[in-house]
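Position 1 is the first residue of the sequence; numbering continues from there. Counting starts at 1 for both ligands and their atoms, following the listed order. Remember, it's a predicted structure, so these values are computed and weren't measured experimentally.
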Amino acid sequence: MELVPQGRCRWLLPRQGQMRVPGVVFATRSLLPAAVGDRSLDQVVNVACLPGIVDASYAMPDVHWGYGFPIGGVAATDIEDEGVVSPGGVGFDISCGVRLLVSQIHRNDLCGELGELMNALGRMIPRGTGPGGVLPRCSADELDDILVAGAAHLVARGMGTPDDLKRCESGGTMPGAGPEKVSTRARERGARQVGSLGSGNHFAEVQAVDQVLDPATAEAFGLRTGSVCVLVHCGSRGLGHQVCTDYVRLMDTAMHRYGIHVPDRQLACVPVPSAEGESYLAAMAAAANYGMANRQALTHAIREAFAAAGLGELVLLYDVSHNLAKIETHPVDSHLRTLCVHRKGATRAFPPHHPELPADLAPYGQPVLVPGSMGTASYVLVGVEASPAFHSACHGAGRVLSRHAAARHIPIEKLRSEMAAAGILVRGASTRGLVEEAPESYKDVDEVVRACHEAGLAKPVARLVPLGVVKG
Ligand code: 5GP
Ligand code: MN
Ligand code: MN
């Protein structure tokens, strides 16, 4: 595969074959082999063939192999010029995302109490693949409310504050949701899982700020050296998964009616302004609302655990999805165009003064939350002006080992002793789940964040380190 260097941390995959636009990969030189090795760059090339795609098919520095689209992929299609929407460009965990809760506590004030806090969090946070959530069982009406209003519904029923909603992408409610476009099967799967982590890559992690990298922004975000925070990562559970499954199936047959041919069936797609496209976006918005409500319900449980331990309040810094397609306007060839921006394993990173930002964050830009792994650092970044890739940045460190390879190669005893030696407390994971998520399974997050910074995607604000983690 030909990769042409194009400036700092930017590589071009020139157009060839069916590609309508080039591919662009943001990475340091040392991050490239992992991306080449797992064939995710072939997926970047395939995405470049989608009808209506503009500018380029982008790969973030944490790119790795995914279903159809790579994880860490960003692709925007022009909805007035054949642009398509593809469920594979959003992923199975619709609106999987992260939120960061910031406390007033310094890590030194926590030392004796960390074990008790982790025990309480372990007890109060539902997790695993099956049913069970902070809301034990939703009625059909309540599920409708969640699908329409998202986190705002949970705040209305007392699980959170109006200030929380200001700190959520889209105010905690993604507009345009169509609960009637969500299948009965998806609703059944979702009704018993509101307020639950799900499987092993999802977590609630107690962290401390280790380094402040942009003092003015960190201060505005409430982040000081030593500040204790909780990073929550989860998505839309079985409901979102079923929505994706349903619409991949639908589009796989429908796309031929629109004369669409894609190099990989997993890229199944239809025009945005088609009956199937509109139904998918309405169902996806409903699942996104479920995802935001899920993180809000978990926040309620986490706040109760903090309050019970006498550790005070947790302020929501920001909640942002990293698996979503959104209709946004961006300049393309110096014309404003209405685009369907697919971010799959990529975080929206709006610049300072963007109209969607809450007033108190607007001077600084949108917080971009980047988990690393349970044994390494995580980061808070902020969106910047003139960033390439439709204001998007990485969403994590990104895998270097598949789940399967990690389970085969990483001895559990070694992992447990490394976590114990680092003083990081782990609660609630199966042995298999733990090794799949071992720090060795992921790229070097410091390097990934450096690549984001140097490529002009986002600016680092603070580096956080784990103290204890509840794993899904
Ligand atoms: P994904 O959404 O692709 O499943 O995961 C996003 C990112 O979360 C991964 O790329 C990885 O860097 C990070 N991650 C996975 N497990 C953990 C964890 O236990 N703690 C932290 N801080 N990050 C994690
Ligand atoms: Mn997820
Ligand atoms: Mn995720």
What protein heavy atom sits nearest [atom], and how far off is it?
atom	answer
atom 8 (O) of ligand 1	P371 CG, 3.5 Å
atom 4 (O) of ligand 1	N201 ND2, 2.6 Å
atom 20 (N) of ligand 1	E205 OE1, 2.7 Å
atom 24 (C) of ligand 1	F203 CE2, 3.3 Å
atom 9 (C) of ligand 1	Y442 CE2, 3.4 Å
atom 19 (O) of ligand 1	K471 NZ, 2.7 Å
atom 6 (C) of ligand 1	H395 NE2, 3.4 Å

Heavy-atom side-chain contact between [X] and [Y] under 4.5 Å:
X	Y	result
R343	L324	no
D55	H330	no
L467	M118	no
P351	H391	yes

Any heavy atom of [X] closer to ligand 1 than 4.0 angstrom?
X	result
P466	no
S378	yes
H322	yes

Using atom types as modelled and distance alone, determine if a side-chain donor or acceptor of [X] lies under 3.5 Å from a backbone N or O of [Y].
X	Y	value
T347	C394	yes
N46	P263	no
E440	I410	no

Discussion item. Residue-level breakdown please: for M374 versus ligand 1, do any non-hydrogen atoms fall below 4.0 Å on the side chain, on the backbone, on both, or on neither?
Written reply: both
Discussion item. Is the contact between R399 and ligand 1 made by the side chain, the backbone, both, or neither, using heavy atoms and a 4.0 Å cut-off?
Written reply: neither
Salt bridge check: are [X] and [Y] linked by an N-O gap of less than 4.0 Å?
X	Y	value
R224	E219	yes
R303	D164	yes
R399	E437	yes
E447	R450	yes

Worksheet entry | Closest candidate by heavy atom, reference atom 14 (N) of ligand 1, pool G472, G396, G372, A438 | G372
Just distances here: any N/O of [X] and N/O of ligand 1 closer than 3.5 Å?
X	answer
G398	yes
I71	no
H233	yes

Worksheet item: Can you give the angle H322 NE2 - the Mn ion (ligand 3) - C96 SG, rounded to 10°?
Response: 100°
Discussion item. Tell me which N, O or S atom from D93 is the closest to the Mn ion (ligand 2).
Written reply: OD2
Worksheet item: Taking the six-membered ring for Trp, are the ring centroids of H395 and H233 within less than 6.0 Å of each other?
Response: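 Not close enough - the centres of the two rings lie 6.0 Å or further apart.
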Item to complete: Please confirm if an N, O or S atom belonging to H233, backbone or side chain, lies less than 2.8 Å from the Mn ion (ligand 3).
Response: yes
Discussion item. Distance under 4.0 Å to a non-hydrogen atom of E437: what atoms of ligand 1 satisfy this?
Written reply: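 In order of numbering, the contacting atoms are 15 (C), 16 (N).
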